[in-house]
Amino acid sequence: MIRQKLVSLITRAAAKAQEQGKLPSVVLPPVTLEHPQNPEHGDYASSLALKLARATSLKPLAIAEEISRFIEATPEVDTITVAPPGFINFTIKNEWLTGQVAEILKAGSAYGNSHLGQGSRVQIEFVSVNPTGPLHVGHGRGAILGSTLANVLSATGHNVEKEYYINDAGSQIDAFARSLYARYQQGLGASIELPSDGYLGHYMSDLAQEIIDEAGERFRKMPELEAVSEIGRLGLDKMIKQLKTDLELLGVTFDVWFSEQSLYDNGQYQEAMALLQDRGYIGDREGATWFFSTTLGEDKDNVLVRGDGSPTYFAADIAYHYNKFVERKFDRVINIWGADHQGHVSRMKAVISAFGIAPERLQVIISQMVTLRRGSELVRISKRSGDIITLREVVDEVGADACRFFFLSRSADSQMDFDLELAKKQSADNPVYYVQYAHARIASILRLAQEKGIDFSAGDVSLLTTEPELTLIRKMLLLPEIIELAATTLEPHHLSYYAQDLATVFHGFYTQCRVVSDDEALSKARLKLVAAARLVLAKTLTLMGMAAPDKM
RNA sequence: GUCCCUGUAGCUCAGUGGAUAGAGCGGCUGCCUUCUAAGCAGCGGGUCGAGCGUUCGAAUCGCUCCAGGGACGCCA
């Protein structure tokens with residue numbers, strides 16, 4: 001990447017200036033490069049001289065002059081200028097820029113990829129909603145965040161595994177099974193009360209009806225305990241299938257669906273507890289078993305095993321993370337949790353430390369709340385009670401691409417309103433179509449070229465000299481930086497802003513530059529440019545999990 | 001009370017300690033005989049919640065407030 005090349009160029013120049021005594025030998029801060037917002041300041045700018053001013057007690061402008069004198073000439077850089085108060089500005093050669101068009105075409109769909117991750121094994125776990133009810137929009141946000149992040153990490157050379165953790169054990173599943181059994185009985189005409197801690201949504205009745213249709217009265221003939229257990233298992237399977245298909249509709253898929261129950265069945269829960277026990281982090285108090293989080297700097301201790309002998313959610317999660325780090329030996333684990341799990345983060349990191357594992361290897365992304373509304377009316381999305389608007393319904397209403405783009409247009413940190421009315425009303429003016437339209441326009445140009453039988457493989461890119469053409473190339477060259485930024489900060493939302501930028505620049509080019517014209521040579525050059533632009537746009541859309549349509 | 005997130009244009013939100021703070025939507029004005037007008041060009045819009053500090057330089061970092069949201073369970 002050219003950015004890195006420039007960084008090392010500056011670093012070498014500064015070191016050389018020091019060697020030759022032109023610059024005091026102070027410790028050099030890491031060189032950073034930025035894109036000046038004013039294009040007159042060039043393509044890249046370094047503020048190294050400004051940062052060195054204090055330590056060297058020299059004027060920043062003088063330092064910049066001195067360093068720039070030692071920067072070697074390269075094929076990429078056109079001019080290097082020093083500007084007050086002490087910036088070193090780089091302008092890239094037009095010939096190099098246009099030459100990149102061919103490079104992009106050669107790279108194809110791999111354009112923008114890197115080896116940043118060096119094949120390290122990264123697990124990213126997200127959604128992981130209890131299979132006791134349908135997904136709502138908040139879950140959709142985590143789903144899209146996770147799947148896009150996985151794409152970005154794969155593109156940057158990480159060995160990524162996407163995982164859904166199924167809470168198929170514990171009291172919630174029990175409540176689910178009892179609720180479903182009650183609805184089943186009701187569906188067959190029995191007057192049975194629903195459990196007080198049960199799931200009351202309509203989907204439970206639908207689920208019960210489905211079971212009645214398939215199995216009839218079979219479960220009525222069994223002992224109740226057995227019937228509850230079997231119906232629970234059946235219902236769970238159906239719920240999980242539903243989760244899968246709903247997520248697939250959003251373009252979200254997983255490599256592994258991990259069962260919580262398996263941790264108990266294969267003894268890893270016991271192993272994890274034993275390990276903490278050995279290390280002295282576990283003890284009994286008030287009839288329960290506790291994890292002594294306070295010895296690791298936490299505010300309070302936490303219960304692992306209740307008075308009735310059943311493990312808490314926390315204990316199960318400890319076993320799960322034991323499995324991730326100790327059993328499966330992931331280099332890095334990324335969890336995406338909803339804002340309501342915020343308090344869980346630091347004690348989970350404490351557990352990782354207790355295992356003797358560097359807590360930095362666990363990264364938790366908290367996706368903030370989504371409130372759903374129709375106009376000014378707030379729509380409740382609570383699972384336990386009554387009516388909810390499911391993610392499925394939202395996707396049906398708004399469309400998968402628009403959903404993905406919408407969620408990717410905000411950082412995970414900020415809470416957001418999802419206004420269904422607005423989402424639908426704005427759908428025609430939605431930025432998602434703006435971006436996809438640019439892609440469709442390019443496809444249309446390429447179709448025309450094909451109809452005319454134009455072979456542009458030998459097009460001469462050096463004919464691309466006008467401002468709209470070069471601006472487009474410059475923007476295309478930004479993608480690798482954006483991907484790297486998204487991967488290192490774990491913030492996929494940068495992609496959507498880049499996609500809009502790129503589309504804007506393309507639309508500008510399109511209105512100013514006729515691609516297929518009477519000028520045969522120029523047509524071929526521009527067709528090359530446009531073909532490359534299409535690749536870059538498609539790559540960006542693909543990373544976001546969106547379609548890159550040829551026609552709209 | 002403690003902890004976490006947020007506060008930037010009318011609205012929804014970007015903004016890697018750097019040069020004149022941006023986009024989309026909404027409002028107004030123009031532009032289609034030529035590759036897709038789901039487009040383009042232009043106009044208007046700001047005490048970056050407040051204050052103090054660190055720095056050559058702060059929307060960005062620190063502290064103190066204010067406002068909104070969330071978490072503080074032998075729920076998950």
Side-chain angles (χ1 to χ4, degrees), chain A residues 32-38 40-41 45-47 50-51 53-54 59-60 83-87 89 128-130 132 167 170-172 175 197 285-290 299-300 302-317 338-346 366-369 371 383 406 409-417 419 422 425-438 440-449 451-452 481 485 488-489 493-494 496-497 500-501 503-504 506-508 510-517 523 526-527 530 551-552:
Chain A
T32 58
L33 270 185
E34 60 230 38
H35 293 281
Q37 46 181 324
N38 186 342
E40 282 171 25
H41 293 134
S46 167
S47 58
L50 290 157
K51 295 192 169 91
R54 168 162 279 237
K59 293 235 183 301
F87 289 103
N89 295 330
S128 299
V129 175
N130 274 4
T132 52
N167 299 108
S171 58
Q172 295 306 311
D197 60 345
R285 191 200 302 159
E286 299 156 32
T289 306
W290 293 72
D299 287 343
K300 53 186 75 161
N302 300 93
V303 171
L304 294 178
V305 183
R306 301 181 183 94
D308 68 2
S310 64
T312 60
Y313 162 84
F314 184 47
D317 225 20
D340 53 342
H341 283 61
Q342 177 61 245
H344 193 51
V345 177
S346 70
I366 296 297
S367 89
Q368 289 296 325
M369 301 235 323
T371 46
K383 194 167 16 175
F406 181 72
S409 300
R410 281 135 178 90
S411 78
D413 289 334
S414 65
Q415 9 186 323
M416 55 192 283
D417 280 359
D419 185 342
L422 207 66
K425 193 180 79 184
Q426 281 188 348
S427 63
D429 294 313
N430 206 301
V432 62
Y433 300 110
Y434 179 83
V435 174
Q436 290 180 321
Y437 184 60
R441 263 186 160 174
I442 298 175
S444 167
I445 296 170
L446 294 173
R447 269 198 303 276
L448 180 75
E451 281 163 21
K452 295 197 167 192
E481 290 181 24
L485 175 69
T488 52
T489 59
H493 70 271
H494 298 292
S496 72
Y497 288 88
Q500 282 187 80
D501 276 358
T504 297
F506 173 77
H507 286 310
Y510 179 88
T511 42
Q512 291 172 80
C513 300
R514 172 88 200 173
V515 176
V516 180
S517 68
S523 295
R526 285 184 170 166
L527 280 166
V530 150
K551 282 183 183 170
M552 281 175 75

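Letters go in sequence order (proteins before strands), and every chain restarts at 1.
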At less than 4.0 Å, is any side-chain N or O atom of [X] found next to OP1 or OP2 of [N]? Yes or no.
{"X": "Y313(A)", "N": "rA76(B)", "value": "no"}
{"X": "R410(A)", "N": "rC5(B)", "value": "no"}
{"X": "S46(A)", "N": "rG18(B)", "value": "no"}
{"X": "S171(A)", "N": "rA76(B)", "value": "yes"}
{"X": "R526(A)", "N": "rC35(B)", "value": "no"}
{"X": "R54(A)", "N": "rG57(B)", "value": "no"}
{"X": "H341(A)", "N": "rG70(B)", "value": "no"}
{"X": "Q37(A)", "N": "rA19(B)", "value": "yes"}
{"X": "S411(A)", "N": "rA14(B)", "value": "yes"}
{"X": "Y510(A)", "N": "rA37(B)", "value": "yes"}
{"X": "K300(A)", "N": "rG73(B)", "value": "yes"}

Pairs under 3.5 Å (Watson-Crick or G-U), crossing ones as [ ], inter-strand ones as |: RNA chain B comes out as (((((((..((((....[...)))).(((((.......))))).....(((((..]....))))))))))))....
### Query
For F87(A) and rA19(B), are the ring centres under 5.5 Å apart with planes inclined under 30°?
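Stacking is present between rA19(B) and F87(A), given that their ring centres fall under 5.5 Å apart and the planes under 30°.
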Query raised in the report: D417(A): what forms a salt bridge (Lys or Arg N to Asp or Glu O under 4.0 Å) with it, not counting sequence neighbours?
Result: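 Per chain and number, D417(A) pairs via salt bridge (Lys or Arg N to Asp or Glu O under 4.0 Å) with R373(A).
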Within 45 degrees of the ring normal and closer than 6.0 Å to the centroid, is that where the cationic atom of R441(A) sits relative to Y510(A)?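 Relative to the ring axis of Y510(A), which defines the angle, R441(A) lies inside both limits.
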5' priority, RNA chain B, between A443(A) and E40(A) [closest heavy atom]: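 Its nucleotide being nearer the 5' end, the pick is E40(A).
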Taking atom types as they are modelled, is there a donor-acceptor pair under 3.5 Å from the base of rA19(B) to the side chain of N89(A)?
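Indeed there is one.
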